Amino acid sequence: MKILVQKFGGTSVANEENRLLAIRKVLKAREAGFAPVVVVSAMGRKGDPYATDTLIELLNSVDKDVKPNKRETDVMMACGEIISSIVFAQALKASGCKSIALTGGQAGILTDSEFTDARIMEIRTDYLLSLLQDGVIPVVCGFQGINAPTNPVEAHAITTLGRGGSDTTASALGVALEAVAVEIYTDVNGVKTADPRAVPSADTLNICTYEEVAELAHQGAKVVHPRAAEIAMDHNMPLWVKSTMTDELGTRIAHIETEGLTGEYHATMLRRLTGIANTGRIAFIRLEIEDRAHKQYVEREVFRMMAQAGVNIYFVTYSPTALSFAVPRERYPIARDLLDGMVIPMEHATPNAEGKVATYFIFKYEDGTDLAYRVQRPLLKAVENLVNVVDIPANAIEDCTTVSVIASNHRRVPGIILRILEILHKAGIRVHQIADSEMSVSCLVSETDVKQAVKLLHENLFDQ
(Lines give C-alpha, C1' and ligand atoms only; values in the text may rest on other atoms or scores of the structure.)
Protein backbone atom coordinates (compact mmCIF):
# COMPACT_ATOMS: atom_id res chain seq x y z
CA MET A 1 0.00 0.00 0.00
CA LYS A 2 1.47 3.33 -1.12
CA ILE A 3 0.37 5.92 1.41
CA LEU A 4 0.41 9.60 0.46
CA VAL A 5 -0.22 12.30 3.07
CA GLN A 6 -1.86 15.44 1.66
CA LYS A 7 -2.22 18.52 3.83
CA PHE A 8 -4.54 21.39 2.85
CA GLY A 9 -4.17 24.81 4.47
CA GLY A 10 -6.83 27.25 5.53
CA THR A 11 -7.32 28.93 2.15
CA SER A 12 -7.56 25.53 0.44
CA VAL A 13 -10.59 24.58 2.54
CA ALA A 14 -12.05 28.06 3.10
CA ASN A 15 -14.95 27.78 0.65
CA GLU A 16 -16.74 25.29 -1.55
CA GLU A 17 -14.84 26.26 -4.71
CA ASN A 18 -11.43 25.74 -3.12
CA ARG A 19 -12.52 22.56 -1.35
CA LEU A 20 -13.56 21.06 -4.68
CA LEU A 21 -10.09 21.81 -6.05
CA ALA A 22 -8.59 20.10 -2.99
CA ILE A 23 -10.93 17.13 -3.41
CA ARG A 24 -9.67 16.73 -6.99
CA LYS A 25 -6.10 16.48 -5.68
CA VAL A 26 -7.16 13.67 -3.37
CA LEU A 27 -9.09 11.84 -6.10
CA LYS A 28 -6.19 12.22 -8.51
CA ALA A 29 -3.84 10.68 -5.95
CA ARG A 30 -6.17 7.74 -5.44
CA GLU A 31 -6.51 7.23 -9.19
CA ALA A 32 -2.69 7.11 -9.36
CA GLY A 33 -2.70 4.16 -6.96
CA PHE A 34 -2.03 5.94 -3.68
CA ALA A 35 -3.89 5.54 -0.40
CA PRO A 36 -4.45 9.18 0.63
CA VAL A 37 -4.42 10.44 4.20
CA VAL A 38 -5.72 14.01 4.34
CA VAL A 39 -4.75 16.59 6.96
CA VAL A 40 -6.70 19.85 7.12
CA SER A 41 -6.29 23.23 8.78
CA ALA A 42 -9.15 25.37 10.05
CA MET A 43 -11.20 27.02 7.33
CA GLY A 44 -10.09 30.48 6.24
CA ARG A 45 -8.09 33.15 7.98
CA LYS A 46 -8.67 35.76 10.67
CA GLY A 47 -12.16 37.20 10.36
CA ASP A 48 -13.65 34.08 8.82
CA PRO A 49 -16.16 32.46 11.20
CA TYR A 50 -14.28 29.19 11.84
CA ALA A 51 -10.69 30.43 11.57
CA THR A 52 -8.46 29.81 14.60
CA ASP A 53 -7.84 33.52 15.21
CA THR A 54 -11.59 34.18 15.16
CA LEU A 55 -12.18 31.48 17.76
CA ILE A 56 -9.40 32.88 19.98
CA GLU A 57 -10.92 36.37 19.74
CA LEU A 58 -14.32 34.97 20.72
CA LEU A 59 -12.84 33.29 23.79
CA ASN A 60 -10.86 36.35 24.83
CA SER A 61 -13.90 38.60 24.41
CA VAL A 62 -15.83 36.86 27.20
CA ASP A 63 -14.05 38.98 29.83
CA LYS A 64 -11.06 41.18 29.04
CA ASP A 65 -9.84 40.92 32.64
CA VAL A 66 -9.95 37.12 32.91
CA LYS A 67 -7.42 35.45 30.64
CA PRO A 68 -8.39 31.91 29.52
CA ASN A 69 -6.00 29.24 30.68
CA LYS A 70 -4.03 27.30 28.09
CA ARG A 71 -5.97 24.07 28.54
CA GLU A 72 -9.30 25.68 27.61
CA THR A 73 -7.59 27.71 24.88
CA ASP A 74 -6.44 24.47 23.26
CA VAL A 75 -9.96 23.05 23.31
CA MET A 76 -11.25 26.20 21.65
CA MET A 77 -8.51 26.35 19.04
CA ALA A 78 -9.02 22.69 18.12
CA CYS A 79 -12.62 23.40 17.09
CA GLY A 80 -11.64 25.02 13.77
CA GLU A 81 -9.86 21.91 12.50
CA ILE A 82 -12.64 19.65 13.77
CA ILE A 83 -15.23 21.59 11.75
CA SER A 84 -12.94 21.61 8.73
CA SER A 85 -12.28 17.86 8.85
CA ILE A 86 -15.98 17.00 9.06
CA VAL A 87 -16.87 19.28 6.14
CA PHE A 88 -14.01 17.92 4.02
CA ALA A 89 -14.88 14.31 4.80
CA GLN A 90 -18.49 15.00 3.83
CA ALA A 91 -17.32 16.54 0.55
CA LEU A 92 -15.30 13.39 -0.17
CA LYS A 93 -18.38 11.27 0.51
CA ALA A 94 -20.35 13.47 -1.89
CA SER A 95 -17.69 12.65 -4.50
CA GLY A 96 -18.28 8.92 -4.06
CA CYS A 97 -15.47 8.13 -1.61
CA LYS A 98 -15.55 6.41 1.73
CA SER A 99 -14.20 8.89 4.23
CA ILE A 100 -14.10 9.62 7.95
CA ALA A 101 -13.17 12.71 9.96
CA LEU A 102 -10.76 12.15 12.85
CA THR A 103 -9.58 14.42 15.63
CA GLY A 104 -5.90 14.31 16.36
CA GLY A 105 -6.54 12.01 19.30
CA GLN A 106 -8.72 9.67 17.25
CA ALA A 107 -5.91 9.48 14.69
CA GLY A 108 -3.57 8.23 17.42
CA ILE A 109 -1.51 11.40 17.92
CA LEU A 110 -0.18 11.54 21.49
CA THR A 111 1.68 14.60 22.75
CA ASP A 112 3.23 15.98 25.88
CA SER A 113 1.16 18.30 28.08
CA GLU A 114 2.61 21.63 26.95
CA PHE A 115 -0.73 23.21 26.10
CA THR A 116 -0.73 25.56 23.05
CA ASP A 117 2.76 24.36 22.04
CA ALA A 118 2.76 20.60 22.47
CA ARG A 119 5.27 18.16 20.99
CA ILE A 120 4.25 14.88 19.41
CA MET A 121 5.50 11.96 21.52
CA GLU A 122 3.98 9.03 19.63
CA ILE A 123 1.57 8.22 16.81
CA ARG A 124 -0.38 4.97 17.10
CA THR A 125 -1.19 4.05 13.54
CA ASP A 126 -3.22 0.83 13.88
CA TYR A 127 -6.59 2.51 13.40
CA LEU A 128 -5.44 4.64 10.48
CA LEU A 129 -3.90 1.63 8.74
CA SER A 130 -7.09 -0.41 9.21
CA LEU A 131 -9.13 2.40 7.64
CA LEU A 132 -6.77 2.59 4.67
CA GLN A 133 -6.97 -1.17 4.20
CA ASP A 134 -10.74 -0.82 3.96
CA GLY A 135 -10.45 1.90 1.30
CA VAL A 136 -11.47 4.73 3.65
CA ILE A 137 -9.84 8.16 3.26
CA PRO A 138 -9.13 9.53 6.75
CA VAL A 139 -9.40 13.30 7.12
CA VAL A 140 -7.30 14.18 10.15
CA CYS A 141 -7.50 17.42 12.11
CA GLY A 142 -4.15 19.15 11.84
CA PHE A 143 -2.52 21.09 14.64
CA GLN A 144 -3.75 18.87 17.49
CA GLY A 145 -3.46 15.69 19.50
CA ILE A 146 -4.16 14.47 23.02
CA ASN A 147 -1.67 14.31 25.83
CA ALA A 148 -0.18 10.92 26.65
CA PRO A 149 -1.78 9.19 29.67
CA THR A 150 1.05 9.87 32.13
CA ASN A 151 -1.05 12.06 34.42
CA PRO A 152 -4.39 10.47 35.35
CA VAL A 153 -5.93 13.88 36.05
CA GLU A 154 -5.03 15.39 32.65
CA ALA A 155 -4.85 12.25 30.52
CA HIS A 156 -6.27 12.57 27.00
CA ALA A 157 -6.74 16.32 27.19
CA ILE A 158 -6.79 18.06 23.82
CA THR A 159 -3.48 19.74 22.98
CA THR A 160 -2.38 21.90 20.07
CA LEU A 161 1.02 21.98 18.39
CA GLY A 162 1.63 25.71 18.03
CA ARG A 163 0.61 27.96 15.17
CA GLY A 164 1.27 26.35 11.79
CA GLY A 165 1.13 22.96 13.46
CA SER A 166 -0.97 21.31 10.74
CA ASP A 167 2.21 21.01 8.67
CA THR A 168 3.79 19.24 11.65
CA THR A 169 0.85 16.85 11.84
CA ALA A 170 1.22 15.98 8.15
CA SER A 171 4.96 15.46 8.36
CA ALA A 172 4.74 13.34 11.51
CA LEU A 173 1.93 11.21 10.05
CA GLY A 174 3.98 10.71 6.90
CA VAL A 175 6.88 9.36 8.95
CA ALA A 176 4.71 7.20 11.22
CA LEU A 177 2.78 5.69 8.29
CA GLU A 178 5.94 5.25 6.18
CA ALA A 179 4.29 7.25 3.43
CA VAL A 180 5.91 7.67 0.04
CA ALA A 181 5.69 11.45 0.41
CA VAL A 182 3.98 14.36 2.15
CA GLU A 183 2.35 17.06 0.02
CA ILE A 184 1.69 20.48 1.56
CA TYR A 185 -0.98 22.33 -0.43
CA THR A 186 -1.31 26.08 -0.09
CA ASP A 187 -2.33 29.14 -2.13
CA VAL A 188 1.10 29.55 -3.76
CA ASN A 189 2.68 27.14 -6.23
CA GLY A 190 5.73 26.26 -4.16
CA VAL A 191 8.52 27.74 -2.10
CA LYS A 192 9.10 31.30 -3.30
CA THR A 193 12.21 33.46 -3.23
CA ALA A 194 10.10 36.08 -1.41
CA ASP A 195 6.52 36.70 -0.33
CA PRO A 196 4.74 37.19 -3.70
CA ARG A 197 2.45 39.79 -2.11
CA ALA A 198 5.50 41.96 -1.48
CA VAL A 199 7.52 40.88 -4.53
CA PRO A 200 5.28 39.83 -7.45
CA SER A 201 8.35 38.80 -9.45
CA ALA A 202 9.40 36.21 -6.84
CA ASP A 203 10.43 32.90 -8.41
CA THR A 204 9.32 29.41 -7.43
CA LEU A 205 12.16 27.12 -6.44
CA ASN A 206 12.07 23.72 -8.11
CA ILE A 207 14.34 22.18 -5.50
CA CYS A 208 14.99 23.20 -1.90
CA THR A 209 16.80 21.53 0.97
CA TYR A 210 15.14 20.78 4.28
CA GLU A 211 17.60 23.13 5.94
CA GLU A 212 16.74 25.99 3.57
CA VAL A 213 12.99 25.68 3.93
CA ALA A 214 13.32 25.39 7.72
CA GLU A 215 15.47 28.55 7.78
CA LEU A 216 12.99 30.38 5.55
CA ALA A 217 10.23 29.41 7.95
CA HIS A 218 12.21 30.43 11.04
CA GLN A 219 12.87 33.81 9.42
CA GLY A 220 9.21 34.46 8.65
CA ALA A 221 8.27 32.79 5.34
CA LYS A 222 4.89 31.16 5.92
CA VAL A 223 5.25 28.27 3.51
CA VAL A 224 6.13 25.24 5.68
CA HIS A 225 6.36 25.12 9.45
CA PRO A 226 10.01 24.65 10.48
CA ARG A 227 9.16 21.73 12.77
CA ALA A 228 7.52 19.94 9.83
CA ALA A 229 10.65 20.38 7.71
CA GLU A 230 12.85 19.17 10.55
CA ILE A 231 10.75 16.03 11.10
CA ALA A 232 10.88 15.24 7.38
CA MET A 233 14.63 15.92 7.30
CA ASP A 234 15.34 13.64 10.26
CA HIS A 235 13.58 10.74 8.53
CA ASN A 236 14.41 11.59 4.90
CA MET A 237 10.70 11.93 4.11
CA PRO A 238 10.07 13.40 0.63
CA LEU A 239 8.22 16.67 1.07
CA TRP A 240 6.45 18.75 -1.59
CA VAL A 241 4.93 22.22 -1.49
CA LYS A 242 2.22 22.68 -4.12
CA SER A 243 -0.71 24.89 -4.98
CA THR A 244 -4.28 23.74 -4.54
CA MET A 245 -5.28 26.10 -7.33
CA THR A 246 -2.99 24.82 -10.11
CA ASP A 247 -1.46 21.61 -11.42
CA GLU A 248 2.09 22.96 -11.35
CA LEU A 249 4.76 20.60 -10.05
CA GLY A 250 5.65 22.75 -7.04
CA THR A 251 8.80 22.58 -4.95
CA ARG A 252 10.49 19.36 -3.91
CA ILE A 253 12.19 19.48 -0.52
CA ALA A 254 14.84 16.83 -0.02
CA HIS A 255 18.37 15.95 0.99
CA ILE A 256 20.11 17.10 -2.17
CA GLU A 257 23.08 14.79 -1.81
CA THR A 258 20.99 11.67 -1.22
CA GLU A 259 18.78 12.56 -4.18
CA GLY A 260 21.75 12.59 -6.55
CA LEU A 261 20.99 16.21 -7.49
CA THR A 262 24.15 17.89 -6.26
CA GLY A 263 25.21 19.00 -9.73
CA GLU A 264 21.77 20.34 -10.66
CA TYR A 265 21.39 22.08 -7.32
CA HIS A 266 24.68 23.94 -7.38
CA ALA A 267 24.62 24.65 -11.09
CA THR A 268 21.37 26.60 -10.80
CA MET A 269 22.73 29.04 -8.19
CA LEU A 270 26.46 28.96 -7.58
CA ARG A 271 26.09 31.36 -4.65
CA ARG A 272 22.91 29.55 -3.59
CA LEU A 273 20.69 32.42 -2.61
CA THR A 274 17.43 30.83 -1.54
CA GLY A 275 15.10 33.66 -0.62
CA ILE A 276 14.25 36.79 1.33
CA ALA A 277 12.09 36.62 4.46
CA ASN A 278 11.05 38.96 7.21
CA THR A 279 9.58 38.45 10.61
CA GLY A 280 9.06 39.74 14.10
CA ARG A 281 7.92 42.79 16.01
CA ILE A 282 11.05 43.62 17.94
CA ALA A 283 12.39 46.19 20.39
CA PHE A 284 16.12 46.90 20.36
CA ILE A 285 17.72 47.96 23.64
CA ARG A 286 21.14 49.57 24.11
CA LEU A 287 22.86 49.96 27.48
CA GLU A 288 25.90 52.20 28.00
CA ILE A 289 28.21 50.49 30.52
CA GLU A 290 31.38 52.52 30.80
CA ASP A 291 32.74 50.75 33.88
CA ARG A 292 34.87 48.19 32.03
CA ALA A 293 36.08 46.49 35.20
CA HIS A 294 32.54 45.45 36.17
CA LYS A 295 30.88 45.34 32.74
CA GLN A 296 30.77 41.54 32.45
CA TYR A 297 29.15 41.25 35.88
CA VAL A 298 26.48 43.81 34.99
CA GLU A 299 25.76 42.07 31.67
CA ARG A 300 25.42 38.71 33.36
CA GLU A 301 22.93 40.11 35.85
CA VAL A 302 20.88 41.70 33.05
CA PHE A 303 20.72 38.36 31.23
CA ARG A 304 19.84 36.55 34.45
CA MET A 305 16.87 38.81 35.19
CA MET A 306 15.61 38.64 31.61
CA ALA A 307 15.73 34.84 31.77
CA GLN A 308 13.91 34.75 35.11
CA ALA A 309 11.19 36.99 33.66
CA GLY A 310 10.81 34.77 30.58
CA VAL A 311 12.11 37.39 28.14
CA ASN A 312 14.02 35.94 25.19
CA ILE A 313 16.95 38.00 23.95
CA TYR A 314 18.81 37.88 20.63
CA PHE A 315 20.83 40.11 18.28
CA VAL A 316 23.25 40.49 21.19
CA THR A 317 26.16 42.86 20.52
CA TYR A 318 29.09 43.66 22.75
CA SER A 319 31.45 46.60 22.66
CA PRO A 320 33.94 47.83 25.29
CA THR A 321 31.38 50.26 26.73
CA ALA A 322 27.96 49.06 25.56
CA LEU A 323 25.61 46.11 25.40
CA SER A 324 22.79 45.86 22.86
CA PHE A 325 20.13 43.20 22.45
CA ALA A 326 16.69 42.66 20.98
CA VAL A 327 13.54 41.37 22.67
CA PRO A 328 10.13 40.44 21.24
CA ARG A 329 7.99 43.56 21.29
CA GLU A 330 5.19 41.95 23.28
CA ARG A 331 7.78 41.26 26.01
CA TYR A 332 9.34 44.71 25.84
CA PRO A 333 7.12 46.24 28.58
CA ILE A 334 8.45 43.56 30.93
CA ALA A 335 12.06 44.21 29.87
CA ARG A 336 11.56 47.97 30.19
CA ASP A 337 10.08 47.68 33.69
CA LEU A 338 12.89 45.36 34.77
CA LEU A 339 15.58 47.77 33.63
CA ASP A 340 14.04 51.06 34.75
CA GLY A 341 15.55 51.82 38.13
CA MET A 342 17.08 48.34 38.50
CA VAL A 343 20.01 48.37 40.91
CA ILE A 344 22.89 45.92 40.57
CA PRO A 345 25.23 46.00 43.59
CA MET A 346 28.86 45.04 43.13
CA GLU A 347 30.88 44.63 46.32
CA HIS A 348 34.58 45.49 46.26
CA ALA A 349 37.08 42.97 47.60
CA THR A 350 38.67 45.86 49.51
CA PRO A 351 37.67 49.52 49.86
CA ASN A 352 38.86 51.61 46.91
CA ALA A 353 41.01 54.74 47.12
CA GLU A 354 37.94 56.77 48.13
CA GLY A 355 37.03 54.29 50.83
CA LYS A 356 33.98 53.04 48.93
CA VAL A 357 33.15 49.40 49.68
CA ALA A 358 30.84 48.76 46.70
CA THR A 359 29.48 50.10 43.44
CA TYR A 360 25.74 50.30 42.79
CA PHE A 361 24.76 50.36 39.12
CA ILE A 362 21.31 51.83 38.40
CA PHE A 363 19.61 51.81 35.01
CA LYS A 364 18.10 55.01 33.64
CA TYR A 365 16.03 55.34 30.46
CA GLU A 366 16.87 58.50 28.57
CA ASP A 367 13.53 58.91 26.78
CA GLY A 368 11.44 59.99 29.72
CA THR A 369 10.22 56.50 30.72
CA ASP A 370 12.52 56.40 33.78
CA LEU A 371 9.75 56.60 36.40
CA ALA A 372 11.22 53.97 38.70
CA TYR A 373 14.68 55.51 38.35
CA ARG A 374 13.38 58.85 39.55
CA VAL A 375 12.03 57.17 42.68
CA GLN A 376 15.04 54.94 43.34
CA ARG A 377 17.89 57.33 42.63
CA PRO A 378 17.20 59.77 45.51
CA LEU A 379 17.04 56.85 47.95
CA LEU A 380 20.64 55.93 47.12
CA LYS A 381 21.95 59.32 48.22
CA ALA A 382 21.90 58.09 51.81
CA VAL A 383 24.62 55.51 51.05
CA GLU A 384 26.79 57.47 48.62
CA ASN A 385 29.39 58.04 51.30
CA LEU A 386 29.95 54.29 51.36
CA VAL A 387 29.33 53.23 47.74
CA ASN A 388 29.77 54.53 44.23
CA VAL A 389 26.45 55.04 42.46
CA VAL A 390 26.81 54.73 38.69
CA ASP A 391 24.03 55.48 36.18
CA ILE A 392 23.71 53.15 33.22
CA PRO A 393 21.86 54.98 30.42
CA ALA A 394 19.40 52.86 28.44
CA ASN A 395 17.80 53.55 25.06
CA ALA A 396 15.30 51.53 23.07
CA ILE A 397 13.99 51.45 19.51
CA GLU A 398 10.58 49.80 19.68
CA ASP A 399 9.52 49.51 16.03
CA CYS A 400 12.03 47.03 14.59
CA THR A 401 11.79 43.85 12.55
CA THR A 402 14.22 41.54 10.78
CA VAL A 403 14.88 41.10 7.08
CA SER A 404 16.82 37.96 6.27
CA VAL A 405 18.65 36.75 3.18
CA ILE A 406 18.66 32.95 3.16
CA ALA A 407 21.99 32.00 1.61
CA SER A 408 23.36 28.62 2.60
CA ASN A 409 26.82 29.26 1.10
CA HIS A 410 27.22 32.92 2.03
CA ARG A 411 30.25 32.28 4.25
CA ARG A 412 32.08 30.82 1.25
CA VAL A 413 31.37 33.80 -0.97
CA PRO A 414 33.18 37.00 0.06
CA GLY A 415 31.14 40.18 -0.20
CA ILE A 416 27.60 38.94 0.50
CA ILE A 417 27.18 40.98 3.68
CA LEU A 418 28.79 44.01 2.01
CA ARG A 419 26.34 43.73 -0.90
CA ILE A 420 23.35 43.51 1.45
CA LEU A 421 24.43 46.57 3.42
CA GLU A 422 25.18 48.55 0.27
CA ILE A 423 21.68 47.89 -1.08
CA LEU A 424 20.01 48.98 2.16
CA HIS A 425 22.27 51.97 2.86
CA LYS A 426 21.86 53.29 -0.68
CA ALA A 427 18.10 53.44 -0.09
CA GLY A 428 18.56 55.23 3.22
CA ILE A 429 17.45 52.21 5.24
CA ARG A 430 19.20 52.18 8.59
CA VAL A 431 20.46 48.81 9.80
CA HIS A 432 20.44 48.81 13.59
CA GLN A 433 22.11 45.41 13.89
CA ILE A 434 23.23 42.53 11.69
CA ALA A 435 23.65 38.85 12.54
CA ASP A 436 24.45 35.77 10.51
CA SER A 437 24.20 32.01 10.85
CA GLU A 438 25.28 29.13 8.68
CA MET A 439 22.11 29.59 6.61
CA SER A 440 21.26 33.29 6.62
CA VAL A 441 22.16 36.94 7.10
CA SER A 442 19.63 38.96 9.12
CA CYS A 443 19.35 42.74 9.41
CA LEU A 444 17.42 44.57 12.08
CA VAL A 445 15.58 47.48 10.46
CA SER A 446 12.69 49.80 11.21
CA GLU A 447 9.28 48.25 10.68
CA THR A 448 8.38 51.10 8.32
CA ASP A 449 11.29 50.11 6.04
CA VAL A 450 10.70 46.38 5.87
CA LYS A 451 8.63 46.21 2.66
CA GLN A 452 11.10 48.38 0.78
CA ALA A 453 14.03 46.37 2.17
CA VAL A 454 12.55 43.05 1.01
CA LYS A 455 11.77 44.46 -2.43
CA LEU A 456 15.20 46.04 -2.93
CA LEU A 457 17.12 43.00 -1.72
CA HIS A 458 15.15 40.74 -4.03
CA GLU A 459 15.54 43.07 -7.02
CA ASN A 460 19.27 43.37 -6.55
CA LEU A 461 20.11 39.82 -5.50
CA PHE A 462 17.61 37.74 -7.48
CA ASP A 463 16.16 39.71 -10.38
CA GLN A 464 19.43 40.51 -12.11
Side-chain angles (χ1 to χ4, degrees), residues 60-61 63-69 279-348 352 354 356-402 430-433 435 444-450:
N60 289 333
S61 70
D63 190 321
K64 300 294 185 182
D65 297 323
V66 181
K67 186 176 180 180
N69 66 39
T279 189
R281 301 176 69 248
I282 297 165
F284 189 57
I285 299 169
R286 178 181 173 86
L287 308 175
E288 302 291 342
I289 311 172
E290 295 187 359
D291 187 327
R292 299 191 184 194
H294 298 140
K295 181 171 181 287
Q296 288 187 352
Y297 174 75
V298 173
E299 290 168 344
R300 194 164 60 247
E301 290 305 303
V302 170
F303 293 155
R304 189 195 315 280
M305 283 201 282
M306 292 297 168
Q308 289 174 345
V311 178
N312 294 329
I313 61 174
Y314 43 102
F315 274 110
V316 178
T317 305
Y318 295 93
S319 77
T321 60
L323 168 67
S324 302
F325 57 90
V327 301
R329 190 152 347 135
E330 67 270 15
R331 307 295 287 174
Y332 173 64
I334 297 173
R336 181 190 61 219
D337 291 346
L338 279 175
L339 290 174
D340 177 24
M342 181 175 75
V343 177
I344 296 179
M346 179 67 189
E347 293 185 6
H348 300 163
N352 64 13
E354 299 174 347
K356 302 294 180 70
V357 297
T359 298
Y360 287 1
F361 297 94
I362 182 168
F363 291 82
K364 176 187 188 299
Y365 274 93
E366 295 190 322
D367 60 359
T369 58
D370 56 344
L371 300 179
Y373 169 87
R374 280 180 262 166
V375 173
Q376 293 273 76
R377 186 64 179 84
L379 299 177
L380 296 176
K381 286 188 177 295
V383 297
E384 282 191 273
N385 61 323
L386 297 174
V387 302
N388 291 320
V389 179
V390 178
D391 286 358
I392 296 181
N395 290 288
I397 305 171
E398 297 185 44
D399 63 339
C400 293
T401 190
T402 59
R430 182 181 177 187
V431 177
H432 300 292
Q433 185 57 279
L444 194 66
V445 302
S446 171
E447 204 166 31
T448 57
D449 292 328
V450 65

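Everything numeric here is computed off the predicted structure, so don't read it as measured data. Below, each value reflects all heavy atoms present in this structure, side chains not excepted, and no hydrogens, waters or symmetry copies.
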Calculate, to the nearest 0.5 Å, the distance between atoms OG1 and CD1 belonging to T402 and I282 respectively. 4.5 Å
Distance in Å, E299 CD paired with E301 CD, rounded so as to fall on 0.5 Å steps: 11.5 Å
Between T401 (side chain) and T279 (backbone), is there a donor-acceptor pair under 3.5 Å? yes
Any donor-acceptor pair under 3.5 Å linking the side chain of K67 with the backbone of N60? no
Can you confirm whether I392 sits close enough to M342 that some side-chain heavy atom of one is under 4.5 Å from a side-chain heavy atom of the other? no
Smallest separation among heavy atoms of Y318 and K295, with atom names: CD2-NZ, 4.1 Å
Apply side-chain contact (heavy atoms from CB on, under 4.5 Å) to F363 and V298, showing your working. CA-CA 11 Å; F363 291 82; V298 173; 3.8 Å; yes
Mind listing the closest non-hydrogen atom pair of L380 and Y360 along with its distance? CD2-CD2, 3.9 Å
From S319 OG over to I289 CD1, what is the distance, rounded to the nearest 0.5 angstrom? 8.5 Å
What's the separation between atom CD in E288 and atom OG in S324, rounded to the nearest 0.5 Å? 7.5 Å
What heavy-atom pair brings V387 and V357 nearest, and what distance separates the two atoms? CG1-CG2, 4.4 Å
Of all the heavy-atom pairs spanning L287 and I285, show the shortest one and how long it is. CD2-CG2, 4.0 Å
Tell me whether the count of non-hydrogen atoms from other residues, nucleotides or ligands lying under 6.0 Å of CD in E384 goes above 12. yes
Does R430 pair with D449 as a salt bridge, N-O distance under 4.0 Å? no
Test side-chain contact (heavy atoms from CB on, under 4.5 Å) on E290 and V390 and set out the steps. CA-CA 9 Å; E290 295 187 359; V390 178; over 6 Å; no
Backbone N/O of C400 and side chain of R329: donor-acceptor pair under 3.5 Å: yes
Determine whether a donor-acceptor pair (N or O, by modelled atom type, separation under 3.5 Å) exists between the side chain of Y332 and the backbone of F284. no
Salt bridge flag under 4.0 Å for residues E366 and K364: no
Residue pair F315, H432: steps toward the side-chain contact (heavy atoms from CB on, under 4.5 Å) verdict: CA-CA 10 Å; F315 274 110; H432 300 292; over 6 Å; no
Check whether any side-chain N or O of R331 sits under 3.5 Å from a backbone N or O of G310 as a donor-acceptor pair, and report yes or no. yes
Test item: E447 and I397 side chains (from C-beta on) under 4.5 Å apart, heavy atoms: no
Correct closest heavy-atom pair for E330 and P333 would be O-CD, 3.7 Å
Look only at the side chain of D340 and the backbone of A372, and say whether a donor-acceptor pair between them is shorter than 3.5 Å. yes
Pairwise distance CZ(R304) to CD1(I344) - rounded to 0.5 angstrom: 9.5 Å
Pairwise side-chain contact, L323 with F303, heavy-atom cut-off 4.5 Å (strictly under): yes
Kindly give the heavy-atom pair with the smallest separation between L338 and A309, and that separation in Å. CD1-CB, 3.6 Å
Nearest 0.5 Å, what's the OH-CG distance between Y365 and D337? 8.0 Å
Please indicate whether E347 has more than 12 foreign heavy atoms, meaning atoms of other residues, nucleotides or ligands, lying under 6.0 Å from its CD. no
Any sub-3.5 Å donor-acceptor pair from D391's side-chain atoms to P393's backbone N or O? no
D291 side-chain N/O to H294 backbone N/O, donor-acceptor pair under 3.5 Å: yes
